[in-house]
A.B. asks: 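Just dropping this structure here.
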Amino acid sequence: MEKEIAPIMTEYWEKAEFPFHAIPKLADLRVAGGTVKGYGNPGLSITGSAIATAEVARVDASCSTFILVHSSLAMLTIALCGSEAQKQKYLPSLAQFRTVACWALTEPDYGSDASSLRTTATKVDGGWIVEGQKRWIGNSTFADVLVVFARNRTTNQINGFIVNKGAPGLKVTKIENKIGLRMVQNGDILLQKVFVPDEDRLPGVNSFQDTSKVLAVSRVMVAWQPIGIAMGVYDMCLRYLKERKQFGVPLAAFQINQEKLVRMLGNVQAMFLVGWRLCKLYESGKMTAGHASMGKAWITLRARETVSLGRELLGGNGILADFLVAKAFCDLEPIFTYEGTYDINSLVTGREVTGVAAFKPAALKQHSRM
């Protein structure tokens, strides 16, 4: 990452373009597929995959997100919910980044309330007609394989489908003007009577609950992104404070700067330990949705404080993407929000510990029944 990505990332971040020529180099890392076993995948433990996620994010969060969407969402869905034929057809090339995947759940009107999605799937001879819209889908503008979730019009349950690039009726438009993860190509997807053959329906997705086993892993991975970002910011700040001088001495000689640096380091250590604990709970089969949600929410909150302190320490240079910190500061904002906002993840954990769901105000619940 430091050799191949660091020298070019600011240029591509500014242009809001993805460095496609770097994909073979990312493939050489052998982390695509993460925890998926077989079919040419590395079969890492969740701890191993998490550490890899953090180390990539330590240099560049956009590349980390590119890999995470491809591996821990799309590939993992095929691995956990796909048929044997689907695994053999899609996973080997995805594992080598010869093809790229995206994962389409979020819609223009349904973000946190994703289970209410309106994209529909209608059964026809030989397959399904999928119609609807998706938004904020990372990798979607160039993905070869799109894992799409739609509501079965017969059962009213959520089903999963594999849509291939170039399918008639499929249109993807890049979302412009983002302030964070600018290298990630997020798209608006329009599905106009897209035909999906029966063999590309994911047999293991028959309700929204079936996505939870995928989201359990991906939420742990997302929690490790801000750990990596915070480590990278700390690295840069420590080096900067030692090298830059003001009033005739290094910035590291000032007490207030040391206090901020130590607070950052304390946050990094605490975040790392919470992330590590999440991995060990998962590996022992004890991790709950509440564990994963609290981990993601709390870690991103601490990371936000850490990168803010880093931006302060760099002064004017803290608003230049050239120094990594400003770019990391901006990249953390979408991570604070995606895979469940801080508030929604807090409510998932709150429901688990209190037994009371607080996602929708009681007054509005009552009003909706009237």
Side-chain angles (χ1 to χ4, degrees), residues 1 26-27 29-59 61 63-82 87 90-92 94-97 101-103 105 138-139 147 202 204-205 209-232 268-300 302-303 335 338-340 345 348-349 352:
M1 286 298 294
L26 295 174
L29 295 175
R30 296 292 298 124
V31 296
T35 58
V36 178
K37 291 179 171 58
Y39 312 97
N41 289 280
L44 300 172
S45 67
I46 196 167
T47 305
S49 189
I51 297 293
T53 297
E55 289 299 327
V56 174
R58 190 170 185 162
V59 175
C63 284
S64 173
T65 299
F66 164 73
I67 295 171
L68 190 148
V69 169
H70 175 85
S71 298
S72 298
L73 286 172
M75 289 184 69
L76 190 62
T77 299
I78 295 172
L80 294 178
C81 305
K87 294 174 192 177
Y90 292 107
L91 291 179
L94 291 170
Q96 296 177 20
F97 273 128
C102 71
W103 199 79
L105 175 66
N139 303 350
V147 175
L202 291 159
V205 183
Q209 289 303 311
D210 290 325
T211 67
S212 62
K213 52 191 173 184
V214 176
L215 290 170
V217 175
S218 66
R219 198 155 284 167
V220 174
M221 293 301 109
V222 169
W224 277 84
Q225 283 189 288
I227 295 172
I229 291 171
M231 289 193 294
V268 169
Q269 295 297 312
M271 292 157 59
F272 195 100
L273 288 169
V274 170
W276 187 267
R277 173 69 172 151
L278 268 184
C279 291
K280 296 308 165 186
L281 284 169
Y282 183 89
E283 288 172 356
S284 65
K286 296 177 182 177
M287 191 191 80
T288 66
H291 288 140
S293 289
M294 184 176 72
K296 193 271 178 177
W298 185 86
I299 287 170
T300 51
R302 292 278 72 79
I335 296 174
Y338 72 38
E339 279 282 336
N345 274 314
V348 170
T349 307
E352 195 168 289

A.B. asks: Tell me the closest heavy-atom pair linking Cys63 and Leu26, and the distance in Å.
C.D. replies: SG-CD1, 4.3 Å

A.B. asks: Could you tell me which non-hydrogen atom of Ala101 sits nearest to which non-hydrogen atom of Ala74, and how far apart they are?
C.D. replies: CB-CB, 3.5 Å

A.B. asks: Supply the atom-to-atom distance Lys37 NZ to Leu91 CG, rounded to the nearest 0.5 angstrom.
C.D. replies: 13.5 Å

A.B. asks: Enter the distance from Asn41:CG to Gln96:CD here, rounded to the nearest 0.5 Å.
C.D. replies: 9.5 Å

A.B. asks: Heavy-atom distance under 4.5 Å between the side chains of Tyr338 and Gln225, does that happen here?
C.D. replies: yes

A.B. asks: For Gly34 versus Ser49, what's the shortest heavy-atom pair and its separation?
C.D. replies: CA-OG, 3.7 Å

A.B. asks: Would a 4.5 Å heavy-atom cut-off, applied to side chains only, mark Cys279 and Val220 as touching?
C.D. replies: yes

A.B. asks: Walk me through whether Asp210 and Leu202 qualify under side chain to side chain contact (heavy atoms under 4.5 Å, CB included).
C.D. replies: CA-CA 11 Å; Asp210 290 325; Leu202 291 159; over 6 Å; no

A.B. asks: Would you find more than 12 non-hydrogen atoms of other residues, nucleotides or ligands less than 6.0 Å from Arg30 atom CZ?
C.D. replies: yes

A.B. asks: Considering non-hydrogen atoms only, spot the tightest contact between Asn345 and Ser293 and give its length.
C.D. replies: OD1-OG, 3.0 Å

A.B. asks: Any heavy-atom pair between the side chains of Leu94 and Ile78 that's under 4.5 Å?
C.D. replies: yes

A.B. asks: Drop me the distance from Asn139's CG to Thr65's OG1, to the nearest 0.5 angstrom.
C.D. replies: 9.0 Å

A.B. asks: Do the non-hydrogen side-chain atoms of Leu73 and Val147 ever get within less than 4.5 Å of each other?
C.D. replies: no

A.B. asks: Could you give the distance from CZ (Arg219) to OG (Ser72), rounded to the nearest 0.5 Å?
C.D. replies: 13.0 Å

A.B. asks: Give a yes or no answer on whether the side chain of Thr300 reaches the backbone of Ala297 with a donor-acceptor pair at less than 3.5 Å.
C.D. replies: yes

A.B. asks: Report the distance from atom CG of Leu215 to atom CH2 of Trp103, rounding to the nearest 0.5 Å.
C.D. replies: 4.5 Å

A.B. asks: Do you know the tightest heavy-atom contact between Met231 and Ala54?
C.D. replies: CE-CB, 4.1 Å

A.B. asks: Check Ala303 against Met271 and note the closest heavy-atom contact, atom names and distance.
C.D. replies: CB-CE, 3.7 Å

A.B. asks: May I ask you to decide if the ring planes of Phe272 and Trp224 are parallel, tilted or perpendicular, using 30° and 60° as cut-offs?
C.D. replies: perpendicular

A.B. asks: May I ask you to test the Ile227-Arg58 pair for a side-chain heavy-atom distance under 4.5 Å?
C.D. replies: no

A.B. asks: For the residue pair Lys280 and Lys286, establish whether any side-chain heavy-atom pair is separated by less than 4.5 Å.
C.D. replies: no

A.B. asks: If I take atom CZ from residue Arg277 and atom CG from residue Leu273, how far apart are they, to the nearest 0.5 angstrom?
C.D. replies: 11.5 Å

A.B. asks: Examine His70 together with Phe97 and report whether their ring centres are nearer than 6.0 Å.
C.D. replies: yes

A.B. asks: For the residue pair Ile67 and Thr53, establish whether any side-chain heavy-atom pair is separated by less than 4.5 Å.
C.D. replies: no

A.B. asks: Answer whether the closest heavy-atom distance between the side chains of Met294 and Leu278 falls below 4.5 Å.
C.D. replies: no

